[in-house]
Amino acid sequence: MIELDDVTVYYPKAEEPAVSGVHLSLYPGEFVCVLGPSGAGKSTLIRTINALQPVTEGQVLIQGKNLQQMPEADKRKWRSRAGMIFQHFHLIPRLTVQQNVLTGLFGKRRSFANAVGFFNESEKQKVRRVLEEVGLLDMAQRRVEALSGGQKQRVGIARALMQEPEVFLGDEPVASLDPGTARSVFGILKDVHDKQHLMSLINVHDVALARSFATRVIGLAGGEVIYDGPPDQLDNGN
Ligand code: ADP
Ligand code: ADP
């Protein structure tokens with residue numbers, strides 16, 4: 001379980017907090033969509049949860065342990081349990097789908113060298129398994145630069161799955177895709193989430209997507225939680 005206990009985040013020199021007084025408890029199995037306009041604090045919230053952004057006040061608790069006070073090695077371990085999916089994919093364009101997916105096995109720093117090097121049979125099998133989950137098995141040897149946006153994000157999901165995550169954190173993962181593709185990629189995310197009983201926290205700005213897929217919606221505005229509940233009770237136009 002992940003808990004945010006009265007979390008406030010100020011960036012250096014900022015007069016207003018980016019996130020303000022947030023209380024949340026996030027449980028396994030929840031598919032949480034965070035809705036809010038640009039600048040609402042969605043991205044900052046995600047970065048507090050994976051320990052990329054320190055909190056100014058309050059605490060983030062991972063299974064009851066204060067994230068900020070964890071030794072660096074434990075923070076890294078936690079990050080490796082949290083699969084990240086990014087708006088702009090953060091793939092390596094000139095490498096193949098398979099090579100990109102393999103980078104999910106390694107830390108960011110060593111990922112390039114490892115991905116172009118040798119890997120063993122069980123690693124290759126794992127790649128095939130995760131590519132099958134996102135429907136890209138037949139594209140394993142294609143270069144990522146030749147793929148469509150939706151296919152690239154499916155590679156991003158497959159890469160995150162290589163970590164065998166307990167948690168999915170998505171920072172606007174479908175915001176760069178056209179509406180139809182966004183919906184199908186979101187559907188894949190939800191399927192993988194359900195199959196693996198993950199805890200997912202996904203930033204979106206499309207209310208319709210949250211309505212269709214979320215088990216819980218958190219509305220952020222000006223850094224504050226203004227809604228926390230089921231998607232079917234969202235106001236129209238909210
Ligand atoms: P969202 O993801 O909802 O667009 P962000 O978390 O990116 O919102 O931003 C929340 C607020 O914090 C905004 O006012 C933004 O300008 C500010 N902010 C975000 N990142 C930084 C940063 N690195 N330094 C200073 N201010 C930032
Ligand atoms: P986007 O524009 O896709 O939202 P950003 O470029 O804003 O992504 O990056 C979001 C954050 O994630 C940055 O702090 C960046 O350093 C970090 N980041 C980017 N790529 C990776 C990666 N492969 N693994 C871990 N962190 C990453």
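Worth saying up front: this structure is predicted, and the values here are computed from it rather than measured. Just so you know, ligand 1 is whichever comes first in the structure, and atom 1 is the first atom listed for that ligand.
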Legend entry - Inter- and intrachain pairs under salt bridge (charged side-chain N to carboxylate O under 4.0 Å, His left out), touching residues 129-147, at least two apart: E133-K195, R143-E145
Name each N or O atom in ligand 1 that is under 3.5 Å from a protein N or O, and give the partner atom and the distance.
from	atom 1	to	atom 2	distance (Å)
ligand 1	2 (O)	S43	N	2.8
ligand 1	3 (O)	A40	N	3.1
ligand 1	3 (O)	G41	N	3.0
ligand 1	3 (O)	K42	N	2.9
ligand 1	3 (O)	K42	NZ	2.8
ligand 1	4 (O)	G39	N	2.7
ligand 1	6 (O)	T44	N	2.9
ligand 1	6 (O)	T44	OG1	2.5
ligand 1	8 (O)	G41	N	3.0

Inset, instruction - Could you list who else is in Y27's hydrophobic cluster, with ILVMFWY side chains joined at under 4.5 Å, directly or through other members? - result: M1
Legend entry - Euclidean distance, I202 CD1 relative to K190 NZ, rounded to 0.5 Å: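 CD1 of I202 is found 11.0 Å from NZ of K190.
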Legend entry - Value rounded to 0.5 Å, distance of CE in M162 from CD in E164: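 Rounded to the nearest 0.5 Å, the CE-CD separation comes to 8.5 Å.
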Legend entry - salt_bridge(R211, D232) N-O dist < 4.0 Å: no
Inset, instruction - Applying side chain to side chain contact (heavy atoms under 4.5 Å, CB included), name anything that partners Q233, two or more places apart in sequence or on another chain. - result: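 For Q233, the residues satisfying side chain to side chain contact (heavy atoms under 4.5 Å, CB included) (neighbours in sequence not counted) are Y227, P230.
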